[in-house]
Amino acid sequence: MTKKEFVELFGTKAGIKTKVEADKLTKAFIDTLEEILVKGENVSFIGFGKFEAAERAARTCVNPQTKKPMKVEAKKVAKFRAGKNLLEKMNPVVEKKATKSKKKGK
């Protein structure tokens, strides 16, 4: 989904009358999220997920084309961890009929 498609869907679901207003609100949300992550703070939406600012350590890896080792500098990265509700919606569980397990005696 592109940003344009997202803005249209967001505007429709939120009952926003114009695409310009929906785009403005989407941009404000993204800018706010970026600002918080750049500060090194985390943003949690209970049930949806958590956006985290993390440090990735410097490391040595192998260039797959030349097979030579190369150094990768340490850097900050953004991570997203999906919340329980989001994961359940993405992976619906089909209810199974309850079965009684028989325990074996000694």
Side-chain angles (χ1 to χ4, degrees):
M1 174 176 276
T2 65
K3 180 182 175 187
K4 181 180 176 182
E5 294 168 335
F6 177 82
V7 168
E8 288 177 16
L9 180 61
F10 175 69
T12 302
K13 288 199 172 265
I16 300 169
K17 295 180 182 176
T18 66
K19 291 180 185 176
V20 173
E21 187 66 22
D23 186 50
K24 183 178 173 183
L25 292 172
T26 302
K27 184 174 178 356
F29 174 78
I30 291 170
D31 289 346
T32 305
L33 189 59
E34 284 178 351
E35 185 179 315
I36 294 167
L37 291 172
V38 167
K39 288 181 186 177
E41 298 175 17
N42 301 331
V43 180
S44 293
F45 297 102
I46 304 299
F48 177 72
K50 181 177 185 179
F51 293 91
E52 299 176 296
E55 290 279 337
R56 183 169 287 166
R59 64 191 187 280
T60 303
C61 62
V62 177
N63 182 327
Q65 291 179 337
T66 64
K67 307 294 187 223
K68 292 182 180 178
M70 57 186 271
K71 293 181 181 178
V72 178
E73 300 290 325
K75 64 180 178 179
K76 293 180 181 180
V77 295
K79 294 182 179 182
F80 176 75
R81 293 178 190 241
K84 183 179 177 183
N85 292 349
L86 177 59
L87 290 173
E88 287 174 354
K89 287 180 181 179
M90 291 175 67
N91 300 294
V93 178
V94 178
E95 290 189 31
K96 297 178 183 178
K97 291 184 179 179
T99 58
K100 293 182 181 179
S101 61
K102 296 181 181 178
K103 294 183 179 180
K104 293 182 180 181
K106 290 184 180 180

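Start at 1 with the first residue, then count along the sequence. Keep in mind it's a predicted model, so treat the numbers as computed, not measured.
Partners of R81 under the salt bridge (charged side-chain N to carboxylate O under 4.0 Å, His left out) rule, at least two apart in sequence or in another chain, are E52.
Annotation: ring-ring contact (aromatic ring centres under 6.0 Å, His included) contacts involving residues 52-73, sequence neighbours excluded, are absent. Residue pairs meeting the ring-ring contact (aromatic ring centres under 6.0 Å, His included) criterion with at least one partner in residues 42-81, sequence neighbours excluded, are F48-F80, F51-F80. Within the structure, no pair that satisfies the side chain to side chain donor-acceptor pair (under 3.5 Å) test touches residues 10-26, not counting sequence neighbours. Screening residues 56-66 for salt bridge (charged side-chain N to carboxylate O under 4.0 Å, His left out) gives no qualifying pairs among residues at least two apart or on separate chains. Legend: side chain to side chain donor-acceptor pair (under 3.5 Å) pairs involving residues 36-48, not counting sequence neighbours: none detected. Under the side chain to side chain donor-acceptor pair (under 3.5 Å) criterion, no residue pair touches residues 64-75, with sequence neighbours excluded. Screening residues 56-78 for ring-ring contact (aromatic ring centres under 6.0 Å, His included) gives no qualifying pairs among residues at least two apart or on separate chains.
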Original post:
After noting the C-alpha distance and the side-chain angles of T2 and E5, does the key distance pass the side-chain contact (heavy atoms from CB on, under 4.5 Å) rule?
Top reply: CA-CA 5 Å; T2 65; E5 294 168 335; 3.3 Å; yes
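Grouped with I16 in one hydrophobic cluster are M1, F6, L9, F10, L25, the linkage being side-chain heavy-atom contacts under 4.5 Å among Ile, Leu, Val, Met, Phe, Trp and Tyr residues. In the hydrophobic clustering, V72 connects to no other residue, as no ILVMFWY side-chain heavy atoms lie under 4.5 Å from its own. Other cluster members for V20: none, since no ILVMFWY side-chain heavy atom sits under 4.5 Å from it.
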Side-chain donor-acceptor pairs of residues 29-38 under 3.5 Å, sequence neighbours excluded:
from	atom 1	to	atom 2	distance (Å)
D31	OD2	K27	NZ	2.9
T32	OG1	A28	O	2.7

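The two residues T60 and P69 make their nearest non-hydrogen contact at CG2-CB, 4.1 Å. Contact detail for G11 and A22: the closest heavy-atom pair is CA-CB, 3.8 Å.
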